[in-house]
Trainee: 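Here it is, the structure, as structure tokens.
What's counted below: heavy atoms across the whole structure, side chains too, no hydrogens, waters or symmetry copies. We count ligands from 1, going down the list as the structure has it; atoms in each ligand are counted the same way.
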Amino acid sequence: MFISILITIGIVAGIGGFLALLLIIAESTLANYGECTIMINEKKELKVKGGSSLLNILNNNKIFLSSACGGRGSCGFCKCKVIEGGGPLLPTETPFLEEDEKKNNVRLACQVKVKQDIKIKIPADIFAVQEFTGKVIKIQDLTYDIKEITIELTKPKEIEFQAGQFVQFVAPRYEKSRQPVTRAYSISSSPDNKDYIKLIIKKVPDGLCTTYIHEYLKEGDTVIFTGPFGDFIIKDTQNDMVFIAGGSGKAPIISMLEYLNTHGSKRRLVYFFGARTKKDLYLTELFEKLEKELKDFTYVPTLSQPEENSDWKGKTGYIMAYLKEYIKDGAETEAYLCGSPGMIDAVQKKLVAIKISEDNIFYDSFN
Ligand SMILES: Cc1cc2nc3c(=O)[nH]c(=O)nc-3n(C[C@H](O)[C@H](O)[C@H](O)COP(=O)(O)OP(=O)(O)OC[C@H]3O[C@@H](n4cnc5c(N)ncnc54)[C@H](O)[C@@H]3O)c2cc1C
Ligand code: FES
């Protein structure tokens, strides 16, 4: 009885797999959508071969929409308005779209397939995003699982960006990835240095891009990235600023602090860096230097699980416990958070509870 159930399941699964394979082959060989026109912002017209995602086609035409997940439909970054010709909204898109976005024809460009003439609207600043080629001039271990990569720009030779923005790094096809993958990485260097960028990259177990960067990328290699992207930038006020970011979330915060330092900021600044043990702390000397140079900056590294017998004399536990101590009552305070979605959500709730206005909380979620 049990064997015959197993055989039946096997046959049904086999037929299902065979039909799926047939569909994929039919889609790639028989479906011919011919030449399609993409009309962008009622101004620019592209004649393209139909059949690929809108995101890929725009990329191939050097129009780089933001896409932190490389087109897998898991980041929700590649939004654009599809006025005509995008087909029905897909279930893969709805979790990323607010109700008013759905009503206003906002779509995920990686999920929209170009099968006919299509009209789209994208923000004008997307046209400023460029593709860069660079040479890796330095790879440095910051901790056991975080590396800093310095890339000198070769073409074009300079980049304009704002502190806090990110680039999309392209890891080429290699033995653990059958195709190139694109992932978002925040620039950790200051925008005042235009001829190179630094990235701070944490190894994710079995992660396609981070395995490439940690185990295959070498000094002297040529790399490609697009950018700059993102609106996680310093607001132009004199408000106090609180930074909260652990792990590689430190990257955009370093860029912001370096920028504030060289531009003579007089704002009151506090950075809470949550780590597990002393082994997870890095670039401590840089922050000590910034504490001396900036007018009013405090660095608060906090260890949640310091080793037994550790000589750690700093704060322990979770940073949430210390926020109130450093945030001045009644002051207008902006909070800049960077890290996992779970961390951002928890910290955001705590900040609201201690009366930081939701409008003054800015973040980049490393989803
Ligand atoms: C705006 C933005 C800026 C970013 N900036 C940085 C940065 O400066 N430095 C940096 O290191 N990363 C940054 N990230 C994260 C980065 O884009 C990648 O998601 C990350 O490096 C994993 O890529 P991967 O290809 O190695 O892993 P993938 O192959 O994409 O993932 C492999 C598996 O690991 C899981 N996974 C993915 N990320 C994590 C994680 N962080 N922890 C645990 N599991 C995970 C996935 O769910 C998947 O199952 C940023 C993300 C965004 C959206
Ligand atoms: S590129 Fe990530 S959802 Fe489209």
Trainee: Write down the atom of Ile126, the atom of Phe64, and the distance for their closest heavy-atom approach.
Mentor: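 Residues Ile126 and Phe64, closest heavy atoms: CG2-O, 3.8 Å.
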Trainee: Using a strict cut-off of under 4.0 Å between a residue heavy atom and any atom of ligand 1, list the qualifying protein residues by chain and number.
Mentor: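 Only Ala68, Arg72, Phe77, Phe166, Arg183, Ala184, Tyr185, Ser186, Ile200, Ile201, Lys202, Val204, Gly207, Leu208, Cys209, Thr210, Ser248, Ala251, Asp364, Ser365, Phe366, Asn367 have heavy atoms that fall under 4.0 Å of ligand 1, ordered by chain and number.
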Trainee: Are any of the side-chain heavy atoms of Met39 and Leu46 separated by less than 4.5 Å?
Mentor: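 No, their side chains stay 4.5 Å or more apart.
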Trainee: Whether Lys250 and Glu148 form a salt bridge (side-chain N of Lys/Arg under 4.0 Å from carboxylate O of Asp/Glu) is what I want to check.
Mentor: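 Salt bridge between Glu148 and Lys250, a charged N being under 4.0 Å from a carboxylate O: no.
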Trainee: If you leave out waters, which protein N, O or S atoms are less than 2.8 Å from atom 2 (Fe) of ligand 2?
Mentor: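 Per the 2.8 Å query on atom 2 (Fe) of ligand 2, atoms found are Cys69 SG, Cys75 SG.
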Trainee: Could you tell me whether Lys315 and Glu325 have a side-chain N and a carboxylate O separated by less than 4.0 Å?
Mentor: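 Glu325 and Lys315: salt-bridged.
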Trainee: Identify whether the distance between the nearest side-chain nitrogen and carboxylate oxygen of Lys138 and Glu219 falls below 4.0 Å.
Mentor: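 Looking at Lys138 and Glu219, the cut-off is not met.
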Trainee: Give a yes or no on whether a salt bridge exists between Glu35 and Lys49, defined as a side-chain N under 4.0 angstrom from a carboxylate O.
Mentor: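 No, this pair does not count.
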Trainee: Hey, would you say the Phe225 and Tyr185 ring centroids sit under 6.0 Å apart?
Mentor: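 Phe225 vs Tyr185: aromatic centres not under 6.0 Å.
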Trainee: Taking Lys194 first and then Glu158, would you say they form a salt bridge - that is, a charged N and a carboxylate O separated by under 4.0 Å?
Mentor: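 Not counted as a salt bridge, because no side-chain N and carboxylate O are separated by less than 4.0 Å.
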Trainee: Would you please indicate if the ring centroids of Tyr271 and Tyr299 are separated by under 6.0 Å?
Mentor: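 Yes.
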